[in-house]
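The structure appears below as structure tokens.
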Number of protein chains: 2
Amino acid sequence: MIYIFHFLLLTVAITLIAPNHPLQTAFAFSLLGYLAVLKLIPRVSDSFIKIGLKGKDLSKPHQPTLPETMGLVSAITYLILMIFLIPFVFFKYLVSFTNDDALTSSTYQKQFAAISDNNLFPHNKLAEYLSAILCLQSTTLLGLFDDLFDIRWRHKFFLPAIASLPLLIVYYVDFSVTSVVIPPFLMKGWGSQIFLVINFFIDGVNRMVEGLSGLKFMTRESTLITSPPLLDLGIFYYIYMSAISIFSPNSINILAGINGLEVGQSIILAVILLLNDFCYLVSTSISQAAHDSHLFSAIFLIPFIGVSVALLQYNWWPARCFVGDTYCYFSGMVFAIVGICGHFSKTLLIFLLPQIINFVYGLPQLFHVVPCPRHRMPRFNKTDGLMYPSYGSLDKPNKVSSGLLTILSTLRLVDLQQEEGENKTTTLRFSNLTIINLTLVWLGPLREDTLCLVILVAQLLIGVSMIALRHTVGPWLFGYDNLSWGVK
Amino acid sequence: MIYIFHFLLLTVAITLIAPNHPLQTAFAFSLLGYLAVLKLIPRVSDSFIKIGLKGKDLSKPHQPTLPETMGLVSAITYLILMIFLIPFVFFKYLVSFTNDDALTSSTYQKQFAAISDNNLFPHNKLAEYLSAILCLQSTTLLGLFDDLFDIRWRHKFFLPAIASLPLLIVYYVDFSVTSVVIPPFLMKGWGSQIFLVINFFIDGVNRMVEGLSGLKFMTRESTLITSPPLLDLGIFYYIYMSAISIFSPNSINILAGINGLEVGQSIILAVILLLNDFCYLVSTSISQAAHDSHLFSAIFLIPFIGVSVALLQYNWWPARCFVGDTYCYFSGMVFAIVGICGHFSKTLLIFLLPQIINFVYGLPQLFHVVPCPRHRMPRFNKTDGLMYPSYGSLDKPNKVSSGLLTILSTLRLVDLQQEEGENKTTTLRFSNLTIINLTLVWLGPLREDTLCLVILVAQLLIGVSMIALRHTVGPWLFGYDNLSWGVK
């Protein structure tokens, strides 16, 4: 029965492949990727276990040994698909490059047309596409190294920035738009004075860097123009994009530890970003450039969803494999890339809100204000098969740590417990600062899959609300919506 | 003492980095790569052994266990260097892109100038560069998988073709030159008739493929023009380039098995290719396009030599590490890439002559015409510490196999030995068909490092002769030399 379904999917996928329709072909490739990953994971699992890529699932009664790093299968399948997709995405130009009359009767004609007015191949788009694949492949390699060798935290934190370098160079060459829009209400009264000071500082630093490097980061023509008010960040915009490419993979990696959560949150995020893309793609009034960026984003997200859903089938409770850091880095970088290349890196941050909340919430432990145990996963109770919050112990309380925990406790953001020690000392125990534990503190013990589902549904609801906010409150705050205005 | 030398190298490297001089910066990066690999290999060796990337050196008295796959360190260092090199290679355009007056007083101005006449960024060059790095990174990943999982022969043989796909797409878009020059003397009398038939066949196949794909592979304007006579191969030229990207990595991987040989031959090959590049780069009469292709090649080869020399220091007899399939694939693909992107893939084949000879010589074993043992490495003799030829046994001789071996033996290309079995049967033993064994057959037992050195010196001599032949007999045969003629 399941084989008939897979055979049908395969037939549909092959039928959908069409040179002139990149979105449709991306969807077909997504189906192919889904099927490939579905077939590959069981076939390679033993090889992975054999070379030591395995781990114990501590949240199961018998703690089975599962293959690790299975996200590698998804990542490699995705990369191969994206390489094969190139001729389809650029098909019109491959034809028109040598054959002019192929141009006339194509629905694909309107897409990407901004650059092709002079009928030349859009090398800049190809460079962007290639740098995106290159960046993703570097990230996959980095993730694999982390799974194989357990790279030190301080090394792996910054390595994504190197991976994203080709992307930044292409950005510099192709767009060099480094301005951000400031909400007009901030520019009233003292606001504009403050922005003048900030602008003065940014301009100074940029002039210094430009003098040293010989490059040019700011246009200086559009600095602090009004309606809409723009602030040209120059080099800081590149630092900001680097930061996105560091933050996005790491934020996925931090919100992890229960079956299905890493892949689940990635799929939800991809769906939310895709919904946002289609807000633009179905609109008729947006600029060609905005249309192109969101088409780029959709082309990268659709096959990603395919290879991830197959992985989720194996990683969902009770998991038959772990996804590994490879998957977290890889998926995080997919989001960073579509954010940067799709020119909506600020919007991306809104959709990463659950990850940001989890990161900020965990900061006291990450910076060791309160103690941080090696693992902060929730605790599995063998008796009832449910997950309970895991706790850290405040052995040496000081004003900062106990004060912080008291405040969090008052806000119902942490569960505090007094523990009697052997020598009648009391130790303060606190639920570990992750939103996974917080969910358990709020809702009581849950089975692992329910816990995962609760977090994913919350993420989906937040995401959909954010899309709505983005296109209602956003335009009101900023005085325009690029759905109608269009980025240049 | 050695630290002072390294410190000096580092100082020189940093001093040499200059935005306007890509070749000089590539040299500086080569030094940096050398130092990085030199420091990294001892630091990561234990981690590699720990996860099972290790092997026994069978050609040593005590068969020490050495870390495997150390070529990965060279490959990753190289990839990071090549990413950081991008802004230096394209510096002029990064500046001129926003700042026109930076153009006037630069020695770099003449380089790459062909495309920049209209003062636009050469996105096609960037796309070429990025696709080359992408292809190399895919190949490194593939090599790593092979070292980790022992991929099946039939899988790993064709995977480099997928890795090279972005390269072929960029070639299609940017050059689409698919013609090869035919020596004029072949075009006399019956020769021209034969070529008309060949051309008819090629044209037919291309029309069919073009009809099916909608793409266009042949220009059909320059088909079989004379002086110099050209044959437009169309789609076959892409198949040929794919074949190069498959053959080059595998040919390095086949000529292997003794300390230092994999890296040694790669360095020699890189030096030969670099010499050939400089023949063009110092010439004043060549076209800008030919200058650019060979500059591209040199920029990719110089850092490669740096990271390889450091690896050789650890891999030279007595080896402290193995390089792994990763290095063979990686280095083979570097050559394929400079051959394809530098537009001298046919010349590349001349320089790969020792590898081709080794491959052709080994074909009877690879295709099991005569038996092929699992390993064909020479045999180490503990008593005298020398290497002796290893032998295969012809248990069931037939006309083809014994006839072939007799012919080879007459030509002194194999050593045959009769072996008396237990039941008075005689088995024919033959030295394994690799040029490593043949060297030992010809020169008698040698120590491992002497053996390696003999092969490397032979390779260097062949290579240098080939450069000389390429620019003397080549022009005479083909009626022109692109040193003066220039590829368009």
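- Heavy atoms of Phe84(A) lying under 4.5 Å from chain B belong to its backbone as well as its side chain.
- Summarising the geometry, atom CZ belonging to Phe145(A) is positioned 12.0 Å from atom OG belonging to Ser47(B); distances are rounded to the nearest 0.5 Å.
- For the options Leu144(A), Leu141(A), Leu53(A), heavy-atom pairs under 4.5 Å to chain B are most numerous at Leu141(A).
- For Ile80(B), the part lying near chain A is the side chain, with the backbone staying farther off; criterion is any non-hydrogen pair under 4.5 Å.
- Your options are Val44(B), Asp150(B), Leu72(B), and the one with the most heavy-atom pairs under 4.5 Å with chain A is Leu72(B).
- Taking CG from Leu134(B) and SG from Cys135(A), the interatomic distance works out to 11.5 Å, rounded to the nearest 0.5 Å.
- Surrounding NZ of Lys39(B) are more than 12 heavy atoms belonging to other residues, nucleotides or ligands, all under 6.0 Å away.
- How far CG of Leu79(A) is from CD1 of Ile162(B): 11.5 Å, rounded to the nearest 0.5 Å.
- With a 4.5 angstrom heavy-atom cutoff, Thr140(B) does not touch chain A via any of its atoms.
- When every heavy atom of Leu130(A) is checked against every heavy atom of Pro166(B), the shortest pair comes out as CD2-CB, 4.0 Å.
- At a 4.5 Å heavy-atom cutoff, Tyr129(B) makes no contact with chain A through either its backbone or its side chain.
- Note that the CD1 atom of Ile86(B) and the CD1 atom of Ile169(A) stand 4.0 Å from one another [nearest 0.5 Å].
- The heavy-atom pair separating Ile51(B) from Leu148(A) by the smallest distance is CG2-O, 3.3 Å.
- Distance OG/Ser131(B) to CG/Leu126(A): 7.5 Å, rounded to 0.5 Å.
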